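Quick caveat: nothing in here was measured; it's all calculated off a predicted structure. The basis for the numbers below is simple: all heavy atoms, side chains too, and nothing from hydrogens, waters or symmetry mates.
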Amino acid sequence: MKVSLHSMSKGVVTSTLVTLITCSSFMAMAGVEAFKSGPVIKDYGKVAEVNSSLVIPADMKFKVAFDLSNASKPAELNRSINTLARFINMHVAAGVKLEDISLAMVVHGKAANDMTKDSFYQPLNAGQKNVNTDLIAQLVKQGVKFYVCGQTAAYYGITPDDLLPGVDMALSALTAHAILANEGYSVNPF
């Protein structure tokens, strides 16, 4: 059997085109449109319906700690904080009882500013209001715990009075993670 370089090139090009068309069709169906408001925190944490083959056990109790070190840009919602709303919304939508979800976020580095009242936040961010305030309030209302690293706070001059309602000061992020682990929280890597 004799195969020419020209016929091989045609095959590669055809295969590549088929792949691109298939991917383009998939991408046209996916995207922002797939995400809808969730059942608990309506204005944040949009979720997509998923037909998952990984079954959530009926008696599952989620105790998950998240770590946050990156601040959002002024006037932008911190996507990592929004992830907590998404976690709650998608699991309740999937049938998990709200009371079986316990979340905590340990905050350090520049992200500590996203946990502060406007009186602290605005002078550092060209007068912009902290757009994370409402989301954090809604998460706190759902029992989410927020801990700011006290070492970070000392570095940036943040006092407990500067923190948003429901946000607590920990000795350090290291301490907060150790205590949460001792209380049975797993650390989510996202």
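How far CG of Leu174 is from CD of Gln151: 8.5 Å, rounded to the nearest 0.5 Å. Atom SG of Cys149 and atom CG of Leu68 lie 12.0 Å apart (nearest 0.5 Å). Here CD1 of Ile136 is found 9.0 Å from CE of Met105. Values are rounded to the nearest 0.5 Å. For the atom pair CG of Asp118 and CG of Asp162, the computed distance is 11.5 Å after rounding to the nearest 0.5 Å. Between atom OG1 of residue Thr83 and atom CZ of residue Phe87 there is a gap of 10.5 Å, rounded to the nearest 0.5 Å. Interatomic distance, Leu164 CG to Thr116 OG1, rounded to the nearest 0.5 Å: 6.5 Å.
A donor-acceptor pair under 3.5 Å links the side-chain atoms of Asn78 to the main chain of Asn70, judged by distance alone. The backbone N or O of Asp43 lies less than 3.5 Å from no partner atom in the side chain of Lys46, so there is not a single donor-acceptor pair. Lys63 contributes a side-chain N or O that, together with a main-chain N or O of Glu183, makes up a donor-acceptor pair within less than 3.5 Å. No donor-acceptor pair closer than 3.5 Å links the side chain of Asn188 to the backbone N or O of Val64. With Asn125 contributing its side chain and Gln122 its backbone, the two residues share no donor-acceptor pair below 3.5 Å. Between the side chain of Ser69 and the main chain of His108, no donor-acceptor pair closer than 3.5 Å is present. Using a distance-only test at 3.5 Å, with no hydrogens or angles considered, a donor-acceptor pair links the side chain of Asn89 to the main chain of Ile41.
Linking ILVMFWY side-chain heavy atoms closer than 4.5 Å, directly or via other members, places Leu163 and Leu171 in two distinct hydrophobic clusters. Val187 and Leu180 are not part of a single hydrophobic cluster, where members link through side-chain heavy atoms under 4.5 Å apart. Follow the hydrophobic side-chain contacts under 4.5 Å out from Met60 and you reach Val144 in the same cluster. A chain of hydrophobic side-chain contacts below 4.5 Å, direct or via other Ile, Leu, Val, Met, Phe, Trp or Tyr residues, connects Tyr156 to Val167. Residues Leu139 and Ile101 are members of one and the same hydrophobic cluster, defined by side-chain heavy-atom contacts under 4.5 angstrom among Ile, Leu, Val, Met, Phe, Trp and Tyr.
Heavy-atom minimum distance, Val148 versus Ala153: CG1-CB, 4.4 Å. Ile81 and Met115 make their closest contact through CD1-CE, 3.4 Å (heavy atoms, listed as atom of the first residue, atom of the second, distance). Shown here for Phe66 and His177, the closest heavy-atom pair between the two residues is O-CE1, 4.1 Å. Residues Pro165 and Val140 come closest through the heavy atom pair O-CG2, 4.1 Å. Shown here for Lys145 and Tyr185, the closest heavy-atom pair between the two residues is NZ-OH, 3.6 Å. Contact detail for Ala170 and Tyr147: the closest heavy-atom pair is CB-CB, 4.2 Å.
For the residue pair Ser72 and Asp114, a side-chain donor N or O sits within less than 3.5 Å of a side-chain acceptor on the partner.
One finds a salt bridge joining Asp100 and Lys61 here, because a Lys/Arg side-chain nitrogen approaches an Asp/Glu carboxylate oxygen to under 4.0 Å.
Using a 4.5 Å heavy-atom threshold, the side chains of Asn113 and Leu124 count as touching. Looking at Ile158 and Thr152, their side chains never come closer than 4.5 Å, going by heavy atoms from C-beta outward. Val47 has its side chain out of reach of Lys36: every pair of non-hydrogen atoms, C-beta onward, lies at least 4.5 Å apart. Contact check for Val106 versus Phe146: no side-chain heavy atoms found under the 4.5 Å cut-off.
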- Query: Going through the distances and angles, do Phe62 and Ile56 end up as a side-chain contact (heavy atoms from CB on, under 4.5 Å)?
  - Reply: CA-CA 10 Å; Phe62 288 96; Ile56 300 171; 4.2 Å; yes
- Query: Should Tyr121 and Lys129 be marked as a side-chain contact (heavy atoms from CB on, under 4.5 Å) after you check the CA-CA gap, both sets of side-chain angles, and the distance that decides it?
  - Reply: CA-CA 7 Å; Tyr121 185 91; Lys129 290 187 178 246; 6.0 Å; no
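A 6.0 Å sphere centred on CD of Glu49 holds no more than 12 heavy atoms belonging to other residues, nucleotides or ligands.
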